[in-house]
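Each remark here refers to the structure printed beneath this line.
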Number of protein chains: 2
Amino acid sequence: MSTPGRGLHGRVLDSLGPAITAGDYPGGSVLRTDELAQRFEVSRSVMREAVRVLESMHLVESRRRVGVTVLPKSAWNVYDPQVIRWRLAGTDRPRQLRSLTVLRSAIEPVAAGLAAQHATAEQCAELTECALGMVANSRGHKLEGYLVHDVAFHRVILTASGNEMFARLGDVVAEVLAGRTHHEVMFEDPDPAAVTLHVQVAEAVRGGDAARAEQLTREITEGALQELDILAP
Amino acid sequence: MSTPGRGLHGRVLDSLGPAITAGDYPGGSVLRTDELAQRFEVSRSVMREAVRVLESMHLVESRRRVGVTVLPKSAWNVYDPQVIRWRLAGTDRPRQLRSLTVLRSAIEPVAAGLAAQHATAEQCAELTECALGMVANSRGHKLEGYLVHDVAFHRVILTASGNEMFARLGDVVAEVLAGRTHHEVMFEDPDPAAVTLHVQVAEAVRGGDAARAEQLTREITEGALQELDILAP
DNA sequence: GTGACAAATAAGTCTGACTTTTTGTGAGCG
DNA sequence: CGCTCACAAAAAGTCAGACTTATTTGTCAC
């Protein structure tokens, strides 16, 4: 999925990033570059590069004479895809999943409305194809096939909205949907009502009915929120 | 506001970051670390740190034997506050401002609804105070005073929503509102209707009326969108 | 044309010496 | 006792140079 450990500094990050986001080093903890370099058996240059990246994510702050200070959670760049992945992989997973689902519930309906106004013919076709794929995989424990089309569907909506910031949430949504299928309980086939809603959204977008696309998508995300409440009330 | 040029690598970033986000180096352009180090008169170690940061923002990609490749806009981490600031400062400003305003229109109503459910008594008081401050500065060309309270108002809403990802958008909203007051045309006093809406949102949140808070905030952001359409249709 | 091999190239890594800033501390003094 | 100021220590910051490694590209034989 992501790009693991590109270069030595990347491997250090793969180890240190999750540790920090998991809370192994509480906000205010002070680390020293030299010590870290020794611990990870890399040179100081490599360690410094890793620290710079963590700093750009506002996970740590490096100050002379004091060291590398871990910042409080409130300072973190929670929109950084890397940070999101690290948190989803760690103990913060439930909270992160909830935050992201709420975010989805705010963004996706608006994105769908915009998509109805701006989607190209090609995007409409793609959308319909995705919806059909979902229908085809909606019965008989074909969860993986369903997931692929579900992810593609939401990606097209976000892209077709024409808003670059919405488009960039495609990966996040993919992560959330994949998480739901793989980690959470999902023995049975997906909710038939949800499948129908996706088909209807595709129709609304194709027909240029922004209000309807928005409303239907709101029902989809509403369902996702309820699912979450059932799992962890 | 931001933290300019912390260390040498920071100063390199202050120069190179805006250049890339402004499109001075089109996607696909290839730079070489050594050459950049010479151009900015820093050592390679410093230059490498800067490149690592740009890489973590997905502005560039560094590959052996080829160099530092500038990535297409579609790959950028558009939620990185630093990237947002760079783009707001450059030629991409109008597009960025529009994207952010659309984002606001999706997020803030939902945030207001959640705030109505979760806001503490203290946050409600703060909110009312902000609204009153807006009223007090709404007439007689007190734009700066108005702005301060406006920013504070939206910050409280986003924080009170209880969603960490919403809360993190406080800075972004502040940037957008400040931009509207400082850069765009805003000779006259703010729209009285908008002021009234803010007061009513404060009331709705205090009263725990989520639906009303959401709807009223939707009207506020709707107004912001229309403002944008008038300026650049 | 194709496939393997060699050379060129630029990033990646390591090391050691040096600089700069910040902080703590303690001496001196009111 | 408390204050200031100067000095020393600590850790990040910077630099330069040598070396390694992966990747591309070009070439040459088949």
Side-chain angles (χ1 to χ4, degrees), chain A residues 2-17 19-20 24-72 75-76 82, chain B residues 2-17 19-20 24-72 75-76 82:
Chain A
S2 62
T3 34
R6 283 256 272 247
L8 273 189
H9 90 283
R11 255 179 272 165
V12 171
L13 283 174
D14 285 343
S15 171
L16 198 49
I20 293 175
D24 291 0
Y25 307 90
S29 309
V30 175
L31 312 168
R32 267 160 304 157
T33 321
D34 291 11
E35 189 191 294
L36 289 172
Q38 276 188 21
R39 169 134 48 104
F40 291 105
E41 297 176 318
V42 294
S43 67
R44 289 189 314 265
S45 356
V46 168
M47 196 60 224
R48 286 178 56 73
E49 288 171 27
V51 168
R52 285 284 175 259
V53 173
L54 294 175
E55 209 174 17
S56 86
M57 297 168 173
H58 287 88
L59 259 47
V60 304
E61 188 190 37
S62 182
R63 282 173 55 199
R64 273 188 155 118
R65 170 61 166 105
V66 42
V68 178
T69 312
V70 178
L71 292 176
W76 298 351
Q82 184 71 93
Chain B
S2 62
T3 33
R6 287 251 279 240
L8 272 190
H9 89 283
R11 254 178 275 165
V12 171
L13 283 173
D14 285 343
S15 172
L16 199 50
I20 293 176
D24 291 2
Y25 306 91
S29 309
V30 176
L31 312 167
R32 269 160 304 159
T33 320
D34 291 12
E35 189 192 293
L36 290 172
Q38 275 188 23
R39 167 135 51 101
F40 292 106
E41 298 177 319
V42 295
S43 67
R44 276 170 320 187
S45 348
V46 168
M47 196 61 224
R48 286 180 57 73
E49 289 172 27
V51 168
R52 286 283 174 259
V53 173
L54 293 175
E55 210 173 17
S56 86
M57 297 168 174
H58 287 87
L59 258 48
V60 304
E61 189 190 35
S62 181
R63 280 173 57 201
R64 270 186 155 124
R65 166 56 190 186
V66 41
V68 178
T69 312
V70 178
L71 292 176
W76 299 352
Q82 183 71 96

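Lettering of chains follows the sequences in order, A, B, ..., and the numbering in each one begins at 1.
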**OP:** Would you indicate whether the side-chain heavy atoms of A/F40 and A/L16 approach each other to under 4.5 Å?
**Re:** yes
Subject >> Beyond-backbone contact of A/T69 with A/R63, side-chain heavy atoms, under 4.5 angstrom >> reply: no
Subject >> Outermost nucleotides of DNA chain D that come under 4.0 Å of a non-hydrogen atom of chain B >> reply: D/dT14 to D/dT25
Original post:
Can you tell me how far OG1 of A/T33 sits from CZ of A/R44, rounded to the nearest 0.5 angstrom?
Top reply: 9.5 Å
Subject >> Contact list for DNA chain D against residues 54-69 of chain B - heavy-atom distance below 4.0 Å >> reply: B/R63, B/R64, B/R65
**OP:** Please report the closest heavy-atom contact between A/W76 and A/I20, naming both atoms and the distance.
**Re:** CH2-O, 3.7 Å
Original post:
Within this structure, what is the CD-to-P distance between B/E49 and C/dG12, rounded to whole angstrom?
Top reply: 13 Å
**OP:** Would you mind reading off the distance between B/R48 atom CZ and C/dT13 atom C1', rounded to a whole angstrom?
**Re:** 8 Å
**OP:** For residues B/M57 and B/V53, determine if any side-chain heavy atom of one lies less than 4.5 Å from a side-chain heavy atom of the other.
**Re:** yes
Subject >> Nearest-0.5 Å distance that lies between atom CG in A/L54 and atom CD in A/Q82 >> reply: 9.5 Å
Original post:
When the distance from CZ of B/R11 to C1' of C/dT20 is rounded to whole Å, what number comes out?
Top reply: 12 Å
Subject >> Closest non-hydrogen atom pair, B/L71 against B/A75 >> reply: CB-CB, 4.1 Å
Subject >> Where B/H9 and B/A50 come nearest, the two heavy atoms and their spacing >> reply: O-CB, 4.1 Å
Original post:
Between C/dA11, C/dC14, C/dG12, which nucleotide gets closest to the side-chain atoms of B/T33?
Top reply: C/dA11
Original post:
A/R44 or A/L8: which one's nearest nucleotide on DNA chain C is closer to the 5' end?
Top reply: A/L8
Original post:
If you fit an axis to the five pairs at each end of the helix from C/dG1-D/dC30 to C/dG30-D/dC1, how big is the angle between those two axes, to 10 degrees?
Top reply: 10°
**OP:** Determine the contact category for A/R6: base if any of its heavy atoms lies under 4.0 Å from a base atom, sugar-phosphate if only primed atoms, P, OP1 or OP2 are that close, otherwise nothing.
**Re:** nothing
Original post:
Can you find a heavy atom in the side chain of B/R6 that is under 4.5 Å from one in the side chain of A/E61?
Top reply: yes
**OP:** Report yes or no: does A/D14 contribute a side-chain atom to a donor-acceptor pair with the main-chain N or O of A/G5 at less than 3.5 Å?
**Re:** yes
Original post:
Can you name the nearest heavy-atom pair linking A/V68 to A/S62, along with the distance?
Top reply: CG2-OG, 4.2 Å
Subject >> Atom pair distance, as rounded to whole Å: CD in A/E41 and P in C/dT15 >> reply: 12 Å
